[in-house]
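Beneath this line is the structure, given in structure tokens, with notes to follow.
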Amino acid sequence: MKNIKFYFSIIALLLISNSGFSTTIVPQKSKLKILYVGYNPQKGLSERQKSFSAFPDRQESLQKRRTADFKNLLDQYFTSVTVVYGEDYKEEMSSNYDVTIIDTYLPKLSEGGMVFIEEAGKEVYTQPTYLSNSYSAATIMIGEPSAFIGQGRQLKIDHLCLCLDAHAHSMKLDHPIFNTPNKVNVAYEDVTLTGNYKVRYGGRNLGDEMPMLRMQTEGYRDGKGFPVGLVSTGYNFDNGIDAEWISSGTCDKGIEATAIGRHANFFHWGFAAAPEFMTESAKLAFINAIHYIAPFKGAKQLTKKIKGVQLKKYLREQQWTLSDKGSAAWLHYINKDTVQAKENKLKLQERKDSGEELSDMEKMMLKMPIRKETRAWTIRHESQELKDKFGEDWAAYENYYKENLDYFYPEKYGWYKMILDEDAKSLGIANNDIKLLDKAITMLKDKSKKEMAYRLLLRYTKQDFKTDKEWIKWFKKNRKSLYFSEGDGYKFIVLPN
């Protein structure tokens, strides 16, 4: 009898290992305590969601089962999973958990809006806030709510574009979210590039396709009302200090946009799919992300990204747009869609004329003019001063950026407005080079250069010392800990030892 049982055991093992059979491996559950903040299935779409959806019925159906779907996935991997709806969530709750997952829009702590700043002598827009500055829980934020929270906290996680679709690309495959505790199978497929990948400076040498990893079984570009994911600005995201860029994804903002990334204790998961539409690779990467972010509970945010500050790579992008090759690529990209845009508007008008009710988004599309741009489009963001100076001398605009790229800095309380620093330019030292502060400190000893020295020190640090002695003491103490942060307003900030 023992021999018979033994032989049957061997046969069973052989059958399971045969390629024609499969078995489900039950994951070993982690003891991490998870708080999932999701949609209340009893509530419908918000007015904002309805206005942006051409398929509100399907979107509402997907949203109603989303929370239960995530709960089911998390229960497979973690022993303790608690669900709370967005309207009931209080940030104090997160202190009792190892990781908080935010998958819905949170109530605002402050409204934001236009505020008069006496120092600036004008009204300045402030971002709404959703989590306080003292919030330090290890947190994963999914989709668009990630950006609203991020901008309120001045994270690098921002609202670059609600246009992320179904694939990831350019991933850092050695990152833990692809390797531990679950090894993610990265099976590439060639995907045709859409959007403006190839016309941007970073994508100027790309072909028609890129190898990508499918993260969702459906995307919004399939045209069936699937939710849209969100990418954040990729420039300067991977700073090696307190933020890291992990992956981009199919979007309209190029190869450097951030689909997956971390800043301090916040992890941005830009893909919008619920587990029922996640591929197995995406599910494992998401579970790994939970494990990865857990040790960042209590992590300090060291750098910022102030909304309205133009990063240097954006300036380099603008230089490319103004060039002969760059402007030609952009104009071809914009104008090639003119015929299709006319056809789309004609179809919308026919539907409207037949008595069909259009969505708010479709009404807005119907009102949008058909674009037919000329090269003047490339200088639309330039100051009137430059336009008056250079006119249609296109090369002059590009040369202006080439010659001065190292010397621009943001106007305080300005909105993406940059100023050319004639002081730094006269010294020939880039404003992100610590040598500029070195030079300013030595200039304090020369009465004829002291005024310039103070301008530079005040412009590129967060200090406001009134005496030479204080500046010299501060610089000597902190020189090795200084880090130039564009997001902080082009400031050298002091990193903790």
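Note that this is a predicted model, so its numbers are computed, not measured.
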Which class fits the ring pair Tyr39 and Tyr105: parallel under 30°, tilted 30 to 60°, perpendicular over 60°?
perpendicular
The ring pair (Phe, Tyr, Trp, His ring centres under 6.0 Å) partners of Phe286 (sequence neighbours excluded) come to Phe70, Trp269
Side chain to side chain contact (heavy atoms under 4.5 Å, CB included) between Trp474 and Thr461: does it pass, once the steps are laid out?
CA-CA 11 Å; Trp474 173 84; Thr461 75; 3.8 Å; yes
Charged N to carboxylate O below 4.0 Å: is that the case for Glu382 and Lys387?
no
Filter on ring pair (Phe, Tyr, Trp, His ring centres under 6.0 Å), then keep only pairs touching residues 225-258, sequence neighbours left out; what's left?
Phe226-Phe277, Tyr235-Tyr314
Evaluate the criterion ring-ring contact (aromatic ring centres under 6.0 Å, His included) for residue pair Phe408 and Tyr400; output intermediate values, then yes/no.
CA-CA 11 Å; Phe408 289 109; Tyr400 174 75; 5.6 Å; yes
So, are Glu119 and Lys412 salt-bridged, with charged N and O less than 4.0 Å apart?
yes
With sequence neighbours left out, the residues meeting side chain to side chain contact (heavy atoms under 4.5 Å, CB included) with Gln42 are Asn40
Qualifying residues under salt bridge (charged side-chain N to carboxylate O under 4.0 Å, His left out), relative to Arg48, sequence neighbours excluded
Glu144
For a quick test of reading the model, state the closest non-hydrogen atom pair linking Lys297 to Ala137 and the distance between them.
CG-CA, 4.3 Å
Any chance the side chains of Gln63 and Gln49 put a donor and an acceptor closer than 3.5 Å?
yes
By salt bridge (charged side-chain N to carboxylate O under 4.0 Å, His left out), which residues pair with Lys198, not counting sequence neighbours?
Asp208
Between Gln154 and Gln301 the two heavy atoms that sit nearest each other are O-NE2, 3.1 Å
Electrostatic pair Lys363:Glu357 at N-O distance under 4.0 angstrom:
yes
Atom CG of Leu420 and atom OG of Ser383: how far apart are they, to the nearest 0.5 Å?
11.0 Å
Distance from Glu91 atom CD to Ser134 atom OG, nearest 0.5 Å?
5.5 Å
Asp468/Lys450 ion pair, N-O < 4.0 Å
yes
Of all heavy-atom pairs between His159 and Gln151, which one has the smallest distance, and what is that distance?
N-OE1, 2.8 Å
Going by heavy atoms in the side chains, are Leu482 and Leu437 under 4.5 Å from each other?
yes
Could you tell me which residues satisfy ring pair (Phe, Tyr, Trp, His ring centres under 6.0 Å) with Phe296, sequence neighbours excluded, listed by chain and number?
Tyr292
Side chains of Ser94 and Tyr89, donor plus acceptor under 3.5 Å:
yes
Ignoring hydrogens and geometry beyond distance, is a side-chain donor-acceptor pair present between Thr194 and Arg221 at under 3.5 Å?
yes
Test item: side-chain donor near acceptor, Thr250 and His167, under 3.5 Å
no
Using side chain to side chain contact (heavy atoms under 4.5 Å, CB included) as the criterion, list what pairs up with Glu470, not counting sequence neighbours.
Phe465, Lys466, Thr467
Under the ring pair (Phe, Tyr, Trp, His ring centres under 6.0 Å) test, which residues partner Phe390, sequence neighbours left out?
Tyr397
Thinking salt bridges, do Lys313 and Glu317 make one under a 4.0 Å N-O criterion?
no
NZ/NE/NH1/NH2 to OD/OE distance under 4.0 Å, Glu362 and Arg351:
yes
Pair Thr82, Tyr97: side-chain N/O donor-acceptor within cut-off below 3.5 Å
yes
Polar side chain donor-acceptor pair, Thr303 to His263, under 3.5 angstrom
yes
Side-chain ion pair, Asp242 and Lys300, N-O less than 4.0 Å
no
Those residues at least two apart in sequence (or on a different chain) that pass side chain to side chain contact (heavy atoms under 4.5 Å, CB included) with Leu458 are Asp464, Trp471
Does the pair Asp324/Arg375 count as a salt bridge with the N-to-O cut at 4.0 Å?
yes
Test of understanding: with ring pair (Phe, Tyr, Trp, His ring centres under 6.0 Å), list the residues that count as partners of Trp377, not counting sequence neighbours.
Trp330
Using 4.0 Å as the upper bound for N to carboxylate O, is an ion pair formed by Asp433 and Lys439?
no
Check Asp406 with Lys425, please: is the shortest side-chain N to carboxylate O separation under 4.0 Å?
no
Distance only, no hydrogens: is a donor on one side chain within 3.5 Å (strictly under) of an acceptor on the other, for Glu256 and Ser248?
no
Under the salt bridge (charged side-chain N to carboxylate O under 4.0 Å, His left out) test, which residues partner Asp421, sequence neighbours left out?
Arg459
What are the two closest heavy atoms between Ser110 and Thr129, and how far apart are they?
OG-OG1, 2.6 Å
Residues Pro227 and Leu62: closest non-hydrogen pair is CD-CD1, 3.8 Å
Residue pair Phe266 / Tyr135, side-chain heavy-atom distance below 4.5 Å
yes
Heavy atoms of Val199 and Tyr333 approach each other most closely as CG1-CB, 3.7 Å
Are Arg204 and Tyr201 in a cation-pi contact, defined as NZ or CZ under 6.0 Å from the six-membered ring centre and within 45° of the axis?
yes
How many angstroms lie between CG in Asn265 and OG1 in Thr139, if you round to the nearest 0.5 Å?
5.5 Å
Between Lys304 and Asp488 (salt bridge meaning N to carboxylate O under 4.0 Å), is one present in this structure?
no
Looking at residues at least two apart in the chain, or sitting in another chain, which of them share a side chain to side chain contact (heavy atoms under 4.5 Å, CB included) with Asn431?
Lys312, Tyr409, Leu436, Tyr460, Phe484, Tyr490
